[in-house]
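First comes the structure, then the notes that go with it.
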Protein chains: 2
Amino acid sequence: MLTIGQLAAYAGVTVRAVRHYHQIGLLPEPDRDASGYRRYGTAAVLSLIKIRTLAAAGVPLSHIRRMLEADPAAFAEAVRKIDDDLRDEIERLETSRRQIAQLAAGDSLALPPEVAHYLDRLRALGVSDVMVQGERDGWILIAARWPDRVHEWIPAKLAELEDPQVSGLYRLLSEIFDSDTGDDDPRLVEVADIMAGFADRALAAGQTDFDEAAQDDLPFDLMDALAVEADPRVRRLQALMRKRGWARWTRFDRVPEKPG
Amino acid sequence: MLTIGQLAAYAGVTVRAVRHYHQIGLLPEPDRDASGYRRYGTAAVLSLIKIRTLAAAGVPLSHIRRMLEADPAAFAEAVRKIDDDLRDEIERLETSRRQIAQLAAGDSLALPPEVAHYLDRLRALGVSDVMVQGERDGWILIAARWPDRVHEWIPAKLAELEDPQVSGLYRLLSEIFDSDTGDDDPRLVEVADIMAGFADRALAAGQTDFDEAAQDDLPFDLMDALAVEADPRVRRLQALMRKRGWARWTRFDRVPEKPG
DNA sequence: GCTTGACCCTGACGCAGCGTCAGGGCTCCA
DNA sequence: TGGAGCCCTGACGCTGCGTCAGGGTCAAGC
């Protein structure tokens, strides 16, 4: 006859676990000896080993109870379900691991790798760190809203960067935001003119690279707010754009709003 | 400005989760509007998306807090550790899954597949179901004690079964246990003579197939008890073996005890 | 102006599977 | 005879929220 400590050691579990199994009725309470100690026989050892085996495989204790008293067919069925759950869980963890791996580089926290590449390209074109960080935050908002569509949009954005006018615009914005001027900086008007030009041309070409998904205004509202928080002169830019017939600021070079 | 519901929906978490993050200080409490509702800005959206990304990867919330305020080097280090943990966890689950797969067949619950094969061989030799089940339970005890060594011992046991005397002994035992005789069944003496013969020969040949590991008596004590519980006539067999100089019953054909 | 439904608030308990005291008794060995 | 190392019960703690309970608020339609 074994004590609870010997039983637990034999089965490779803790004493506390055995008592827990008693408490929830998974393992029957054995008889006590003269001093009130629990004493276990072989049946308990075998049961406990089976319980440990299933529990180690991640089977919930409530299922284990049912499995141990089930007939072979029901048992096999339960095993199949557990195996399916395990497969799903492994898959989930592997997905997490891939995301975590990308996350190692600072930029890609919560961002797919294509976006990180796009940000690198911006940096290479001479866009300032502050602006790249703003772009990154914007893409985090986009990726959270349309995680599956980012990989469609990024190539178009990368292609746009090949246009010297576009990259020039980004650099010009960088310079403005890096400088300490006020709302009266004349370069703001210059920027608005360029941007309105892009937007007009895109509209004429029927170009809608953020397409129907962009019906949802919220992400763009947030991005506008983000931009204003990053630099208050953006508010002036928004006003200038409105005067030129464009409602939002962040969406201007993505999907044109109907002028008005 | 977003309400808590809008914020949660945007980040893909529940409202309750957001409130929980406030409670543990992971996400700062925002300002309230006139009616006491929480109102969130873009910073909260970005934070929450990052938190969700890390949490979905299984990072404990307590770590997330530290990570979000860590410098890039410490962050990268933390990410590496998380990745290691994920790898270990995946490994563990895959091991579980392999065990679970074996467990689909009734016999192999808590048993390695070689043992299941050994049990099948016993059945094929005409050993009764009851005896095979007894053997199975014995091997569960063995496998729990020396999980790494079972695969060394099983081939020797399989080889022994090739000896017609051994398989004959198993069948004889099967017949006895299947019949309804008492302690005076003369076949018990026959069995004891055969077993003692095996034990003597094994001792002479210096054969110790359970070797030093078997210093630990407990598993064999349990197996003896198991056998007695399965059939009380085993007690008679034990007595007969003792008269022939062998202390235990279940270990007789595994490692010979020093006669005494 | 009033209702209705969908939000929001705080506070509190529940869940799984034990770990970990606290405060006591038993046993065995030197 | 004393101390180490077992055993006992009872109770709280941990994670990451889900889920009431018992309220107030807001926007829309009547």
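Chain identifiers are assigned alphabetically (A, B, ...) following the order of the sequence lines, protein sequences preceding nucleic acid strands; residue numbering begins at 1 within each chain.
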Would you indicate which nucleotide in D:dT9, C:dC18, C:dC9 comes nearest to any side-chain atom of B:R38?
-> C:dC9
Tell me, with the steps shown, if A:R19 and A:R38 meet side-chain contact (heavy atoms from CB on, under 4.5 Å).
-> CA-CA 10 Å; A:R19 288 205 262 250; A:R38 294 178 179 87; 3.8 Å; yes
Sole candidate of A:L46, A:T53, A:V45 that passes side chain to side chain contact (heavy atoms under 4.5 Å, CB included) when paired with B:I140 = A:L46
When you check the gap from the basic side-chain N to the acidic O, do B:D85 and B:K81 get nearer than 4.0 Å?
-> yes
Presence of A:T3 side-chain N/O under 4.0 Å of D:dC7 phosphate oxygens OP1/OP2 = yes
Does the distance from a Lys or Arg side-chain N to an Asp or Glu carboxylate O, for B:R97 and B:E94, drop under 4.0 Å?
-> no
More 5' along DNA chain D: B:D33 or B:V59, using each one's nearest nucleotide?
-> B:V59
Between the first and last five pairs of the helix from C:dG1-D:dC30 to C:dA30-D:dT1, the angle of the axes, rounded to 10 degrees = 20°
Just call it for B:R32: base, sugar-phosphate, or nothing, with non-hydrogen atoms closer than 4.0 Å on any strand.
-> sugar-phosphate
Who passes side chain to side chain donor-acceptor pair (under 3.5 Å) against A:R87, sequence neighbours left out?
-> A:D84
Rounded to whole Å, the CD-C1' distance (A:Q23 to D:dC8) equals 13 Å
Beyond-backbone contact of A:Y40 with A:L48, side-chain heavy atoms, under 4.5 angstrom | no
Taking atom P of C:dC8 as reference, at what distance in whole Å does atom CE of B:M1 sit?
-> 15 Å
Would you kindly give the NE2-to-C1' distance between A:H22 and D:dG10, to the nearest whole Å?
-> 16 Å
To the nearest Å, how far apart are B:L27 CG and D:dC17 C1'?
-> 15 Å
Beyond-backbone contact of B:L141 with A:Y10, side-chain heavy atoms, under 4.5 angstrom | yes
Counting side-chain heavy atoms from CB outward, which of D:dT25, D:dC6, C:dC9 is closest to B:I4?
-> C:dC9
Grab the OH-P distance between B:Y40 and C:dC9 for me, whole Å please.
-> 6 Å
Rounded interatomic separation in angstrom, taking CG from A:D31 and P from D:dC8 | 13 Å
From CD of B:Q6 across to P of C:dC7 the rounded distance in Å is 10 Å
DNA chain D contacts made by residues 14-21 of chain A, counting heavy atoms under 4.0 Å = A:R16, A:R19
Among A:L7, A:I4, A:L2, A:T3, find the residue that satisfies the side chain to side chain contact (heavy atoms under 4.5 Å, CB included) test when tested with A:R39.
-> A:T3
Atom-pair distance (CG on A:L48; P on C:dC18), nearest Å | 11 Å
When the ring planes of A:W139 and A:Y118 are compared, do they come out parallel, tilted or perpendicular, using 30° and 60° as the limits?
-> perpendicular
Please check the phosphate of D:dC26 (OP1 and OP2 only) for any side-chain N or O of B:S35 closer than 4.0 Å.
-> yes
